[in-house]
Amino acid sequence: MDAIANVFDFFLGLSATRAEQLTTAQVCLRAAVVYLVLIAYVRVGKKRFLGEATAFDAILVIVIGSVASRAISGTAPFVSSLAGTFVLIMMHWLISRVTSSSIFLSFLTKGRDTVLIRDGTIDKAALRGAHMSDDDLNEDLRQNGVASAAEVKEARLERSGKLSVIKLRKS
């Protein structure tokens, strides 16, 4: 068992107590190992949290990046950093699971959508509440293939921050 531990220590620098003690090769190998471990974690954590989802999901991605980078750079213990990352993903999975069956908890963690346009009329109060300018709204409409609010039955600023648009039917 000591021989295996020595091999891992040699290649990954697991006994290093300071980042400066790691060689370039060890940092590179740590990066490869962290990358592979994170792929496995993502498979366990479900697909959605790395997609363009809510702030709830984005926070997880940022924190995971921070913790995992410390494992690579050697500024935190390697195995402990990977374990902490796994705990974060499992917490996210658990919270997602619980909120999927509770409208109230879903609202608390993920927020709600906001109707910005209804039947061609822009809700200026909702637009201000979303901290969006007319230019922001027009840009999002164009990205949805719509030239003006008059063409829109309903447009919602979704919890993900994206604008979803339902066009008016042409008679």
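The basis for the numbers below is simple: all heavy atoms, side chains too, and nothing from hydrogens, waters or symmetry mates.
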Should Y41 and I64 be marked as a side chain to side chain contact (heavy atoms under 4.5 Å, CB included) after you check the CA-CA gap, both sets of side-chain angles, and the distance that decides it?
CA-CA 11 Å; Y41 286 177; I64 284 173; over 6 Å; no
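- H92 and D57 form a side-chain donor-acceptor contact under 3.5 Å, judged by distance and modelled atom types alone.
- The environment of L94 atom CG is dense: over 12 non-hydrogen atoms of other residues, nucleotides or ligands sit within 6.0 angstrom.
- Without hydrogens or angle criteria, S102 side chain to T99 main chain gives no donor-acceptor distance under 3.5 Å.
- Residue D2 holds its CG atom at 11.0 Å from CG of D9, rounded to the nearest 0.5 Å.
- The OG1 atom of T114 sits 9.0 Å away from atom CD of E158, with the distance rounded to the nearest 0.5 Å.
- Interatomic distance, CZ of R142 versus CG of L137, reported as 9.5 Å (0.5 Å rounding).
- Distance check, rounded to the nearest 0.5 Å: CD of E20 to OG1 of T75 gives 10.0 Å.
- Counted by atom type alone, R30 and S73 present zero donor-acceptor pairs between their side chains at under 3.5 Å.
- Annotation: side chain of L141 is in contact with side chain of I117 (closest heavy-atom distance under 4.5 Å).
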Go through the steps for V33 and L12 under the test side chain to side chain contact (heavy atoms under 4.5 Å, CB included), then give the verdict.
CA-CA 9 Å; V33 170; L12 297 174; 4.0 Å; yes
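- Using a 4.0 Å cut-off between a side-chain N of Lys or Arg and a carboxylate O of Asp or Glu, R118 and E154 qualify as a salt bridge.
- R70 CZ: 12 or fewer foreign heavy atoms inside a 6.0 Å radius.
- Interatomic distance, S106 OG to I95 CD1, rounded to the nearest 0.5 Å: 12.0 Å.
- Screening D123, D113, D140 against R156 for a salt bridge (Lys or Arg N to Asp or Glu O under 4.0 Å) leaves a single residue, D113.
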Does F8 form a side chain to side chain contact (heavy atoms under 4.5 Å, CB included) with I4? I'd like the steps, not just the answer.
CA-CA 6 Å; F8 277 109; I4 294 172; 3.5 Å; yes
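- Around the CE atom of M91, the shell of radius 6.0 Å holds no more than 12 heavy atoms that belong to other residues, nucleotides or ligands.
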Determine whether I103 and F107 satisfy the following criterion, side chain to side chain contact (heavy atoms under 4.5 Å, CB included), listing intermediate values before the conclusion.
CA-CA 6 Å; I103 293 170; F107 170 74; 5.5 Å; no
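- A distance of 9.0 Å separates CE of M132 from CG of N138, quoted to the nearest 0.5 Å.
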